[in-house]
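A short worksheet on the structure shown next.
Naming convention: chains lettered A, B, ... in sequence-line order (proteins, then strands); numbering from 1 in each chain.
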Amino acid sequence: MAVKGGFGARNPDVGKKRHTFHCQSTTTSRGHAANSEAANMLEDLAKLCAVRGGDGSVFKERGFKNAAGVLRRLGVQITNIQQLKDLRKHEPQRVRGLGDSVMKELSTFYEEGRMHRLDGLEADPKLKCLKILQEVGWVGAVKAQQLYDKGVRSIEDLRTKGLHLLSEQAQICLSRHEDIMQRMPRSEAAEIEAVVTKVAQSICPGVICQACGSYRRGKSHCGDVDVLIRPPEGQEDSPMFDDLIKRLVETGFITDKLTLAGGPHRPGKSQSFMGICKLPGTGRLHRRVDIKFYPTSLFAFAVLYFTGSSHFNRSMRSFAKIKGLKLSDKGLCRVNTVNGEEVHRFPSYSCLREEDVFTALGLEWREPKDRDGVQVQAFCSKGEGGATELSGRVVPVTLEQEQQHQALLEQERLEASDYEDAELQQQE
DNA sequence: GCTCAGCAGTC
DNA sequence: GACTGC
DNA sequence: GAGC
Ligand SMILES: O=c1ccn([C@H]2C[C@H](O)[C@@H](COP(=O)(O)OP(=O)(O)OP(=O)(O)O)O2)c(=O)[nH]1
Ligand SMILES: [Mg+2]
């Protein structure tokens with residue numbers, strides 16, 4: 001646990017102790033919880049960078065988050081900074097992402113148990129306010145600062161004197177704040193998916209509904225429910241979405257609308273609803289729900305996107321980009337660019353299944369559960385060792401490593417062809 | 001010094 | 001075009 | 001913030 005206790009509720013799945021493998025006790029040096037204290041502090045640092053906002057804050061946030069993940073995945077308990085310096089020298093791939101700035105924080109952490117940068121930020125009362133305000137949906141770094149400038153310091157202030165300063169969406173999120181800030185157990189996400197499915201089926205029999213996001217990645221708790229819908233097998237499109245939302249509102253399941261995207265049904269186009277729902281009966285909390293509809297030919301790209309994680313998506317899209325492709329929730333297209341700017345987009349590759357998108361990109365299939373930033377337990381089934389070493393060969397664990405790996409292969413391929421394979425090239 | 005995903009709604 | 005969200 |  002972080003030295004400072006009071007900084008935010010953490011995702012219960014992160015840094016959670018898994019007892020799947022007996023070989024690892026919680027206190028041994030090679031346990032899954034290795035370096036979790038330092039990692040937690042780096043994550044706090046990441047969060048505070050995001051809260052403070054300003055230029056490049058999102059990249060600083062990811063920089064610290066990534067560093068936390070690197071440390072977690074290391075598989076070895078670090079007890080002093082020299083160990084990391086040695087790794088940087090001899091096995092730099094293993095600590096890729098720990099740059100000068102993070103190393104500086106880590107050295108004071110291993111020497112005195114504190115990160116100076118973090119201490120500074122946590123001591124700032126203004127940042128504490130900004131953080132609380134930003135926990136309300138549609139209140140980001142800029143809006144929070146504006147509110148602060150007008151004397152708003154708390155959720156209560158927001159309710160009593162700040163309502164008129166908020167967008168319609170932010171007002172709704174504020175009105176449900178206490179409910180929707182809580183993550184729900186996955187069983188409840190399943191119940192919500194079931195309600196949407198039931199109503200969807202009644203409108204369009206055979207329609208396929210699937211909860212994606214953190215639910216599909218197997219998380220024990222979910223921040224919201226991300227329901228994806230496609231037409232029945234053998235059918236390309238359906239106009240059911242407008243009716244579905246209408247019915248879910250009528251039945252009282254959907255209590256609030258935040259945004260509707262895509263407008264009324266147009267053949268071949270996706271539609272999406274973002275809002276708040278509540279299961280019937282007493283003792284239920286309001287929950288955030290996202291419902292999306294995609295025609296069948298886009299569905300593979302849509303599930304891939306909607307399953308995430310967001311980090312995984314960014315990573316995969318970067319990978320596509322390097323290959324001259326553009327990946328989105330609606331397709332995978334070859335693009336022509338002139339110094340970074342897109343000048344032509346070809347029609348999308350056709351992918352019927354999620355697997356086909358991986359194949360089209362030359363990537364190995366990854367189970368949804370293995371699409372998180374942190375993958376503590378991957379490839380651990382033999383009961384020993386870390387996640388990266390298997391039968392003497394380095395197995396890529398993160399997409400970044402996979403990227404690096406493939407870049408290397410690509411480079412080798414090109415170099416080889418330079419010298420020998422001019423003929424072979426022509427055949428293709 | 002440049003890049004970091006790609007898209008959509010609201011204001 | 002900036003902000004916010006997925 | 002990190003990598004190139
Ligand atoms: O910046 C983002 C945010 C989300 N997504 C995709 C991946 C993500 O998994 C899905 C659903 O978003 P959500 O915010 O619900 O994330 P989650 O992965 O489901 O986590 P949570 O449990 O917090 O809802 O949309 C992105 O591609 N980019
Ligand atoms: Mg979600």
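- Residues A:K150 and A:L165 have side chains in contact (heavy-atom distance under 4.5 Å, counting atoms from C-beta outward).
- OP1 or OP2 of B:dG9 has not a single side-chain nitrogen or oxygen of A:T259 nearer than 4.0 Å.
- With 3.5 Å as the limit, one finds no donor-acceptor pair spanning the side chains of A:H311 and A:N66.
- Atom CZ of A:R88 and atom C1' of D:dA2 are 10 Å apart (whole Å).
- We find that A:K278 and A:D256 are not joined by a salt bridge, their nearest charged nitrogen and carboxylate oxygen being 4.0 Å or further apart.
- Side-chain proximity of A:A261 to B:dA8, D:dG1, B:dG6: nearest is B:dA8.
- Note that A:R230 lies outside the cation-pi zone of A:F293, set by a 6.0 Å cut-off to the ring centre and a 45° limit from the axis.
- If you check D:dG1, B:dA5, C:dG5 against the side chain of A:K60, the one that comes closest is D:dG1.
- For A:Y305 against C:dC6, a side-chain N or O and a base N or O form a donor-acceptor pair under 3.5 Å.
- Across all strands, A:K292 comes closer than 4.0 Å to no nucleic acid atom at all (heavy-atom distances).
- Between D:dG1 and B:dA8, the distance separating the two C1' atoms is 28 Å to the nearest Å.
- Listed pair A:K326 / B:dC7 meets the phosphate criterion, a side-chain N or O lying under 4.0 Å from OP1 or OP2.
- Per the geometry, CG belonging to A:L332 stands 12 Å off P belonging to B:dC7, to the nearest Å.
- Note on A:E43 versus A:R72: salt bridge recorded, some NZ/NE/NH1/NH2 to OD/OE distance being below 4.0 Å.
- Of the candidate nucleotides B:dC7, B:dA5, C:dG5, B:dC7 has the atom lying nearest to any side-chain atom of A:R345.
- The CE atom of A:M274 sits 15 Å away from the P atom of C:dT4 (whole-angstrom rounding).
- Looking at residues 141-171 of chain A, you'll see A:A141, A:V142, A:K143 sit with a heavy atom under 4.0 Å from some atom of DNA chain C.
- Remark: A:R62 is in phosphate contact with B:dA5, judged by side-chain N or O atoms under 4.0 Å from OP1 or OP2.
- Other residues, nucleotides and ligands contribute over 12 non-hydrogen atoms within 6.0 Å of the CD atom of A:E367.
- Distances from the side chain of A:D329 to the nucleotides B:dG6, D:dG1, B:dC7 place B:dC7 closest.
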